[in-house]
Protein chains: 2
Amino acid sequence: MVVGHLTAADADRVFHALADATRRDILIRVIRSEQSVSALARHYPMSFAAVQKHVAVLEKAALVGKKRRGREQMVHAEHETLRRIARLLDAYEDLWRQRNDQITAILEEDDERVEK
Amino acid sequence: MVVGHLTAADADRVFHALADATRRDILIRVIRSEQSVSALARHYPMSFAAVQKHVAVLEKAALVGKKRRGREQMVHAEHETLRRIARLLDAYEDLWRQRNDQITAILEEDDERVEK
DNA sequence: ATGACCTACAACCATGTTGTTGTACGTTAG
DNA sequence: CTAACGTACAACAACATGGTTGTAGGTCAT
């Protein structure tokens, strides 16, 4: 089992890759099942080369990987990266909860003072 | 309670906003406690105007909000947006699990055939 | 072997992003 | 009132992004 730490540059790349509707759609498709680049390209109103670039962005972010099969490049999701970035956002949410807990604690402390 | 649906353009803005280490750091700081733009700016090796722009990107993504207090603009986290984007990534992870469940089911079906 | 298909990659263009500096204006402190 | 502070915004330069077309090479089917 890999510990799996995400550097700041990694997070930059992953969030950047996700910041485009076409790339998110490609990711969803390959999560469902791996597909060749040209099969993916058929779904979008842009050139094959443009889709190829989107896949390259996802690949540099390690959100997908490619595996040659004959003359096709099969694109598959790299679930571990998706998991890591989801956990990173969870950590942000935890920060918020901790802050709220502190505020709640302080307010309760005030209540005690008032009651005394 | 707001239903809270994230359009594709919303997700574009949020992921783009998160795709920069400085902006993620600003977000973390204001999650912990709201701060003025100039207080934030003191932490980074760049001009006040640059930090102002980063805050504007976070604000357009609705990850933070601003509230004037005297001559200062207090920046605070908008937790709801953070929550929504975290849930969006959760949905992607669910897709992966569904796919795995299907594969597992098919394999088990194969096993049954072999056993017969 | 030939043609069709899939991919890779370079060159190019338009636009957007990220930093800078400079100017202007409202607010607070002394 | 004046000086310092906090903010807003415009203009600019450098670079990145997202699309295009064109060329080239590897693989498969006939």
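Each chain gets a letter, A, B and so on, in the order the sequences are listed, and its residues count up from 1. For the numbers below, each heavy atom of this structure counts, side chains included, while hydrogens, waters and symmetry mates do not. Since the model is a prediction, treat every value here as computed from it, not as a measurement.
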Residue pair R24(A), D20(A): steps toward the salt bridge (Lys or Arg N to Asp or Glu O under 4.0 Å) verdict: CA-CA 6 Å; R24(A) 287 194 300 276; D20(A) 180 284; over 6 Å; no
Atom-to-atom span, [atom1] of [X] to [atom2] of [N] - whole angstrom:
{"X": "E72(A)", "N": "dG25(D)", "atom1": "CD", "atom2": "C1'", "result": "17 Å"}
{"X": "R71(B)", "N": "dA8(D)", "atom1": "CZ", "atom2": "P", "result": "14 Å"}
{"X": "L40(B)", "N": "dA8(D)", "atom1": "CG", "atom2": "P", "result": "12 Å"}
{"X": "H16(B)", "N": "dT17(D)", "atom1": "NE2", "atom2": "P", "result": "11 Å"}
{"X": "R23(B)", "N": "dT17(C)", "atom1": "CZ", "atom2": "P", "result": "9 Å"}
{"X": "R42(B)", "N": "dT7(D)", "atom1": "CZ", "atom2": "P", "result": "9 Å"}
{"X": "L18(A)", "N": "dG18(D)", "atom1": "CG", "atom2": "P", "result": "12 Å"}
{"X": "Q73(B)", "N": "dG26(C)", "atom1": "CD", "atom2": "C1'", "result": "12 Å"}

Are the side chains of L82(A) and I31(A) in touch, meaning some heavy atoms are under 4.5 Å apart? yes
NZ/NE/NH1/NH2 to OD/OE distance under 4.0 Å, K66(B) and E72(B):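 Result for this pair is no, no salt bridge flagged.
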Give a yes or no on whether a salt bridge exists between D94(B) and R99(B), defined as a side-chain N under 4.0 angstrom from a carboxylate O. no
If you pin R69(A) and F48(A) to their nearest nucleotides in DNA chain D, which one's is more 5'? F48(A)
Strictly below 4.0 Å: does [X] bring a side-chain N or O up to OP1 or OP2 of [N]?
{"X": "Q52(A)", "N": "dA8(C)", "result": "yes"}
{"X": "K66(B)", "N": "dA8(D)", "result": "yes"}
{"X": "S47(B)", "N": "dT20(C)", "result": "yes"}
{"X": "S38(B)", "N": "dC5(D)", "result": "no"}

If you apply the rule side-chain contact (heavy atoms from CB on, under 4.5 Å), what do you find for Q73(B) with K67(B), and how did you get there? CA-CA 6 Å; Q73(B) 283 278 24; K67(B) 200 172 59 178; 5.6 Å; no
M74(A) or K53(A): which one's nearest nucleotide on DNA chain C is closer to the 5' end?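 Per heavy-atom nearest nucleotide, the more 5' residue is M74(A).
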Nearest-nucleotide pick for R68(A), side chain only, options being dT7(C), dG19(D), dA8(D):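 Within the option list, the nearest is dT7(C).
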